[in-house]
Amino acid sequence: MRAAVDRGTKFPYLRQDFAASLVVFLVALPLCVGVAVASGVPAELGLITGIVGGLVTGLMRGSSLQVSGPAAGLTVLVFEAVQTFGLPALGVIVLTTGLLQLAMGALKLGRWFRAISVSVVEGMLAGIGLVLIAGQLYAAAGIEAPLTGTGKITGLPGLLAEAASSAAALTSLALGAGTIVLVVVWNRMPKRVRAVPGALAAVVLATAVSLVFGLPVATVRVQGLLDAVQVPGPGEFGALAGLGLLGTVAAFTLIASAESLFSAAAVDRLHDGPRTQYDKELMAQGAGNTVCGVLGALPMTAVIVRSSANVQAGARTKASRVLHGVWLLLFAALLPSALGLIPLPALAGILIHAGWKLIPLRAVVTLWREHRGEALILVVTAVAIVTVNMFEGVLTGLALSVAKAAWDASHIRLEVVDRSDDRIRARLSGNATFLRLPKILDSLEALPDDRPIALDLSGLHHLDHACRTALENWAERHSASGTEPVRLTRTEEAVTAAP
């Protein structure tokens with residue numbers, strides 16, 4: 001009796017966490033497999049990342065209720081990396097990403113990821129979603145997809161024409177479309193039915209239909225958990241000397257870290273428990289990615305779909321996410337052959353739905369009404385990711401975000417405060433930076449050049465070197481016309497330009 005009381009005191013929420021872990025496992029299973037297949041790697045590598053996300057990252061401090069694993073948001077980047085550098089290099093990329101995340105967490109840089117513009121992050125997710133949807137449409141039809149994002153989108157008319165002339169492609173598309181429809185309508189089912197996650201129900205039903213009717217569709221290739229492990233050898237680490245691989249590592253690090261910490265902020269809004277410790281959470285993600293890199297598996301991030309399912313299922317501690325990793329491990333060890341029954345069009349349908357949810361349509365509409373500059377950053381980031389690549393698209397968005405912040409901070413105003421006597425008294429207020437220099441000079445040169453001017457600079461919060469030099473040059477030119485020298489005053493100081 002005493003032992004039972006002690007266990008209850010040590011694990012007071014074991015019942016709630018156990019039930020939640022089963023829900024998260026059922027949500028994570030089809031996503032782990034689907035993300036791996038869409039990334040061009042063996043399905044088992046997705047399960048390995050999910051297992052590590054539960055057993056390694058799940059045990060660490062940071063955010064107690066968010067769940068980590070392979071994410072749809074990194075699918076496009078992983079696919080590009082595997083196509084460019086090969087599957088053996090994936091472990092090196094993920095391992096280096098993990099080590100960088102550990103270093104950033106130790107240096108207390110986790111909180112700074114919250115400073116990344118939300119428009120850049122949403123633009124990044126929108127670009128990923130568009131490429132993911134376009135690519136998985138080819139997978140749903142059983143047709144090989146072009147390698148580039150632009151090629152995937154421009155090739156869609158040709159895809160439809162080719163699919164229309166092939167009974168096998170139409171069958172495959174129909175199975176994928178049916179999967180999407182079931183996932184969409186599942187949320188409208190009775191609450192008792194919705195206890196089973198929609199993605200899992202759709203995959204199971206699609207698998208059953210494929211088996212019963214003997215549909216000619218491709219299925220997941222089964223390799224075995226241990227056989228799928230790709231431990232990077234010494235030769236693969238030499239590729240780190242190349243700028244291309246280093247750029248890919250930087251993209252993995254930036255995107256995985258930002259997505260995880262933004263997910264943590266979102267999960268914090270879903271519950272009233274302990275808040276996320278961002279630096280520790282970044283180190284937890286780094287530890288997980290380091291292990292995944294050693295095993296040659298997919299990179300991990302915190303995933304909002306699994307995390308919200310965890311909270312909604314009643315989880316109270318991190319035990320739920322650790323147990324979900326245990327269930328994934330048991331499934332991969334005991335039922336690996338079950339993966340070989342899953343039709344690829346069903347997984348494509350799951351990922352098309354996931355890609356659609358990545359596109360923030362409502363956010364774009366709201367931003368366009370209230371902050372058009374932010375909406376432009378979002379759209380340009382998404383378009384750059386689709387047309388160029390992930391890394392350069394994100395850098396484009398960050399550069400635009402910084403430029404917009406600098407522009408917004410450079411508000412400047414010239415006000416003529418007194419024309420009562422011969423001297424014109426004017427006042428500059430705001431932030432005088434080189435970005436606003438044309439406006440400043442246009443306003444000053446519009447003042448009469450035949451009257452003395454006293455220009456008050458005390459309202460300026462900031463005056464950079466370029467503007468100071470321009471103001472002095474303007475004062476000299478104005479004074480050269482024969483009028484009394486311009487008086488530039490700031491606080492109690494007075495500067496008289498030489499005539």
Side-chain angles (χ1 to χ4, degrees), residues 21 24-60 62 66-79 81-82 87-99 101-102 128 132 199 220 222-232 248-249 252-253 255-257 259-260 263 281 284-307 310 321-333 336 339 347 350-351 354:
S21 71
V24 178
F25 160 68
L26 296 176
V27 171
L29 179 59
L31 290 176
C32 287
V33 176
V35 169
V37 173
S39 301
V41 304
E44 289 84 355
L45 291 183
L47 289 173
I48 291 173
T49 299
I51 293 167
V52 173
L55 300 184
V56 177
T57 304
L59 282 170
M60 299 184 70
Q66 80 169 350
V67 184
S68 299
L74 288 176
T75 300
V76 176
L77 191 59
V78 174
F79 183 83
V82 171
L87 184 57
L90 180 62
V92 175
I93 295 171
V94 178
L95 173 59
T96 309
T97 296
L99 294 175
Q101 288 179 314
L102 284 170
I128 293 170
L132 183 60
V220 175
V222 180
Q223 190 172 348
L225 199 62
L226 294 179
D227 294 333
V229 171
Q230 299 276 339
V231 179
T248 301
V249 168
F252 270 66
T253 305
I255 295 169
S257 302
E259 188 170 343
S260 295
S263 172
E281 178 61 22
Q285 296 296 323
N289 274 318
T290 300
V291 175
C292 287
V294 171
L295 299 176
L298 291 174
M300 75 164 58
T301 72
V303 188
I304 189 62
V305 174
R306 289 166 227 182
S307 302
N310 189 37
R321 61 187 191 180
V322 176
L323 286 172
H324 117 276
V326 173
W327 311 142
L328 285 174
L329 176 60
L330 291 175
F331 176 87
L339 296 177
L347 294 178
I350 297 296
L351 290 172

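Values reported hereafter were calculated over all heavy atoms of this structure, with side chains retained and with hydrogens, waters and symmetry mates removed. For this chain, numbers begin at 1 and follow the sequence in order.
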Testing the basics here: between [X] and [Y], what is the closest heavy-atom pair and its distance to 0.1 Å?
X: Ser263; Y: Gln66; answer: OG-OE1, 3.1 Å
X: Leu347; Y: Val33; answer: CD1-CG1, 3.7 Å
X: Pro299; Y: Thr49; answer: O-CG2, 3.8 Å
X: Ile93; Y: Ala81; answer: CD1-CB, 4.1 Å
X: Cys32; Y: Leu328; answer: SG-CD1, 4.4 Å
X: Pro70; Y: Gly50; answer: CD-N, 3.7 Å

Side chains of [X] and [Y]: does their closest heavy-atom pair fall under 4.5 Å?
X: Leu298; Y: Val94; result: no
X: Gln230; Y: Leu90; result: no
X: Leu339; Y: Phe331; result: yes

Throw together a table of side-chain donor-acceptor distances under 3.5 angstrom for residues 37-48, partners on residues two or more places apart or in other chains.
{"unit_1": "Ser39", "atom_1": "OG", "unit_2": "Val35", "atom_2": "O", "d": "2.7"}
{"unit_1": "Glu44", "atom_1": "OE2", "unit_2": "Gln223", "atom_2": "N", "d": "2.8"}
{"unit_1": "Glu44", "atom_1": "OE2", "unit_2": "Gly224", "atom_2": "N", "d": "3.1"}

Can Trp327 and Leu330 be said to form a side chain to side chain contact (heavy atoms under 4.5 Å, CB included), step by step?
-> CA-CA 5 Å; Trp327 311 142; Leu330 291 175; 3.8 Å; yes
What distance do [X] atom [atom1] and [Y] atom [atom2] have between them, rounded to the nearest 0.5 Å?
X: Cys292; Y: Ile51; atom1: SG; atom2: CD1; answer: 10.0 Å
X: Phe25; Y: Leu329; atom1: CZ; atom2: CG; answer: 10.5 Å
X: Ile255; Y: Thr97; atom1: CD1; atom2: OG1; answer: 10.0 Å

Kindly determine whether Thr96 and Val92 satisfy side chain to side chain contact (heavy atoms under 4.5 Å, CB included), including the steps that lead there.
-> CA-CA 6 Å; Thr96 309; Val92 175; 4.1 Å; yes
For Ile128 and Thr75, run side chain to side chain contact (heavy atoms under 4.5 Å, CB included): C-alpha distance rounded to whole Å, both residues' side-chain angles, the deciding distance at 0.1 Å, then the answer.
-> CA-CA 8 Å; Ile128 293 170; Thr75 300; 5.8 Å; no
Please determine which of Met300, Arg306, Met60 meets the side-chain contact (heavy atoms from CB on, under 4.5 Å) test together with Ser68.
-> Met300
Between Gln101 and Asn289, is any side-chain donor less than 3.5 angstrom from a side-chain acceptor?
-> yes
Is a side-chain donor or acceptor of Arg321 paired with a backbone partner of Val67 at a separation under 3.5 angstrom?
-> no
Thr57 (side chain) donor-acceptor with Ala284 (main chain) under 3.5 angstrom = yes
